[in-house]
There are 2 protein chains.
Amino acid sequence: MKKESEELVGVKEIARRANVSIATVDRVLHDRPGVSLKTKEKIQQIIKELNYQPNIVARTLASRKKLKFAILIPASSEETSYWKAPLDGVLQAEQELRQYGISVEKYLFDQNNRKTFLKQSAALLHQKPDGILLAPMFVEESNLFMQQCREHSIPVVFINSDLPGQSGLAYVGPDLYQSGYLSAHLISYLVRPADSILMLHITRELEMDHHLLRKEDGFRAYWQEQGYTHELITMHIGQTDPETIRKHISRQLKNPSIRVLFVTNSRVAAVAKVLEELDRTDLLLIGYDFLEDSIVYLKKNVIDFLICQKPQEQAYLGMMALYDKLVLNQPVKSVHFMPIDIITRENYLFYNN
Amino acid sequence: MKKESEELVGVKEIARRANVSIATVDRVLHDRPGVSLKTKEKIQQIIKELNYQPNIVARTLASRKKLKFAILIPASSEETSYWKAPLDGVLQAEQELRQYGISVEKYLFDQNNRKTFLKQSAALLHQKPDGILLAPMFVEESNLFMQQCREHSIPVVFINSDLPGQSGLAYVGPDLYQSGYLSAHLISYLVRPADSILMLHITRELEMDHHLLRKEDGFRAYWQEQGYTHELITMHIGQTDPETIRKHISRQLKNPSIRVLFVTNSRVAAVAKVLEELDRTDLLLIGYDFLEDSIVYLKKNVIDFLICQKPQEQAYLGMMALYDKLVLNQPVKSVHFMPIDIITRENYLFYNN
DNA sequence: CTTATTTTCGGGTACGTACACGAAATTTTC
DNA sequence: GAAAATTTCGTGTACGTACCCGAAAATAAG
């Protein structure tokens, strides 16, 4: 608890006290060679005494070396435009960071194709960026990637989902468990005693996206805590084309007790389309993310609730965390959970994705 | 959607194109006199064409005029040390903002005394700060204060509670309604069919802190939605000394059906003390805020849940919102809700206030 | 038309740090 | 011992903007 109220001192004052030039002080500050051990120690002593804090503004202005950030996230696709929002957040951050001399390299991969992840991650590392924003969709591949980042001491910020057991610089995204838990809570209002619930993981990756499973965990935890006895049918649809989805769902709906469908990602729009075609809009449908397609069905009463987690802000804040760390040299919150927003046809107009 | 990818241009480039000196360009940029209408228009035209964005870093470094922020929040008191956390957040922000040449004037008032608010707010305005962080504890007085701020065009950020019907620059704090709603949800797990619930507003101000009432609204909304029929006893204790609190509570506890106590602010510690003295720690107690006193009772099992809303971060983020607006000239989120954290004796050790 | 006044403008320095370059001091070499 | 090599250090400029001060141009006053 030493007093922080010392007047702002600069290199000039340090140089004056040490009877050297500011260039020498600067060399010590950056641990550059060309300073005798004796004067180096003297200067370090004075720096400590004065609790010198470099002026970041001046440093940024004068600094020649420009930082380079890189992002590695899925591309927005036909299947889902979800990833457009995070990309927008990145662009917003890029806009603001440009005047600090920071450039942003964008590497997008196909979230249904691990190979593209590997390829893009290799290309990214080849650029030797100073900081990375990563959506770790594939656990194994991401772990390998993190390994390499650690070797190059490049800080990594996760968004959208965490990487279990990996310590990046920070995670900015939903509390997936809570998110599933909350969905369960919502659904508990809608469900009647004898109803069954169909939980749908729609993703092409065989080893299901780990974050979907964490949502399921949260969901089941709530259900168990409440002691509910409704039948809970989990289903993984590995093909994401409309026909396959339609086929699987219509088969399941032969079970007349199913009255609630819970889709664990943004593919809820595809399910809504199917329900509409099957003329089963009487079913209750809950899913994720604020996509245009989904909003259409929300308006039409096919989708009942959407749960959103500010994807754009996730990416924006993730980029800013890199800036805080690498430019301002500030400590960064290691976990930043986004709010869990509930969207209905009553409030979607006011929602800010 | 014009492309933003233009190279970064500075005043120098503008001056070159306009065949004038950078000083003249600067005068136009700051709307200072001494430029003929003709050249002024020419320069403005070029500025627009180039989509010139001033370099904030250089601007901050060169700027002579230092910004002054001011805060107007309750002082930490004997009654509750709650307000220590927001003050810490302010200090943290001050530390970071100092190198941008920003100073922070602190005005603290007694949250039990409207007069001190008036006095301090007058003193504050006399300083003519460039931005204000306000905890609007007293509705009427705060409205008056906001009026004056508007006249001087000083942006104001609210923390802790919003000011209904007033439009400040931003609000950073809890969603009070949701907070009460969540409390109700928590309590619904604890309560048994025949139990009564005692809701306690402990505050000296006659017109109860409006934010307590909003918590009550949220609470009652949940209760109603669920169709619960438990007796819900609301009580306002206007004296905050231990004896009065003890007297009121022990009187109420004559009612044997009361099994759950919900305290709508940090005075839950005082209630816990009473329950301990009365040897009624069997009662369930839920309250607000992560204060040392309360944690003691949480550990001792007298308090069952605490609900916290990151008071330190509220203030920190509020200050940074002023910085974003006034220095970076960036748009600011008008509402920033804090997470609603649930603290128990199992997880309090890991909580970051 | 000359002088005084006002308007318009440019040169130059400052902000605090980074770093190139060359000068001075020291050490090494023969 | 001097010359060469090396180490150590200071001077000066740059980053992009703000703003002082004085010069030049335009206008007004006599």
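All chains are named by letter (A, B, ...) in the order of the sequence lines, taking the proteins before the strands, and each is independently numbered beginning at 1.
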*Minimum-distance nucleotide to A58(A) side chain [options: dC19(C), dT17(C), dC19(D)]*: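 Side chain of A58(A) sits closest to dT17(C).
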
Please report, rounded to the nearest Å, how far the [atom2] atom of [N] is from the [atom1] atom of [X].
X	N	atom1	atom2	result
L29(B)	dC19(D)	CG	P	12 Å
I47(B)	dG16(D)	CD1	C1'	15 Å
K40(B)	dT8(C)	NZ	P	10 Å
L61(B)	dA14(D)	CG	P	17 Å
L37(A)	dT8(D)	CG	C1'	13 Å
D26(A)	dA20(C)	CG	P	11 Å
R27(B)	dT8(C)	CZ	P	10 Å
N19(A)	dA25(C)	CG	P	15 Å

Just checking [X]: base, sugar-phosphate only, or nothing, at a heavy-atom cut-off of under 4.0 Å?
X	result
G10(B)	sugar-phosphate
V57(B)	nothing
T60(B)	nothing
P33(A)	nothing

*Report yes or no: does H126(B) contribute a side-chain atom to a donor-acceptor pair with the main-chain N or O of A122(B) at less than 3.5 Å?*
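The answer is no, because no donor-acceptor pair under 3.5 Å joins these two groups.
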
*Taking the side chain from K66(A) and the backbone from S103(A), do they hold a donor-acceptor pair closer than 3.5 Å?*
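Flag not set: sc K66(A) to bb S103(A) has no pair under 3.5 Å.
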
Between [X] and [N], is there a side-chain N or O to OP1/OP2 distance below 4.0 Å?
X	N	result
R59(B)	dG16(D)	no
T24(B)	dG10(C)	yes
S36(A)	dC9(D)	yes
T39(B)	dC9(C)	yes
H30(A)	dC19(C)	no
Y100(B)	dC15(C)	no

*Would you call E13(A)-R17(A) a salt bridge at under 4.0 Å N-O?*
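Yes.
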
*asked:* Does this structure show an ion pair linking K40(A) with D31(A), if we count only N-O contacts that are shorter than 4.0 Å?
replied: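 Between D31(A) and K40(A) there is a salt bridge, with a charged N closer than 4.0 Å to a carboxylate O.
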
*Contact summary for L125(B) and C149(B), nearest pair of heavy atoms*: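 Shortest heavy-atom contact: CD2-SG, 4.3 Å.
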
*Residue mapping more 5' on DNA chain C - nearest nucleotide basis, G34(B) or V11(A)*: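 Per heavy-atom nearest nucleotide, the more 5' residue is G34(B).
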
_If you assign A62(B) and S21(B) each to the DNA chain C nucleotide with the nearest heavy atom, which residue ends up on the more 5' nucleotide?_
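Its nearest nucleotide lies further toward 5', so the answer is S21(B).
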
*asked:* Does N329(A) have more than 12 heavy atoms from other residues, nucleotides or ligands lying within 6.0 Å of its CG?
replied: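 No, the 6.0 Å shell around CG holds no more than 12 heavy atoms from other groups.
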
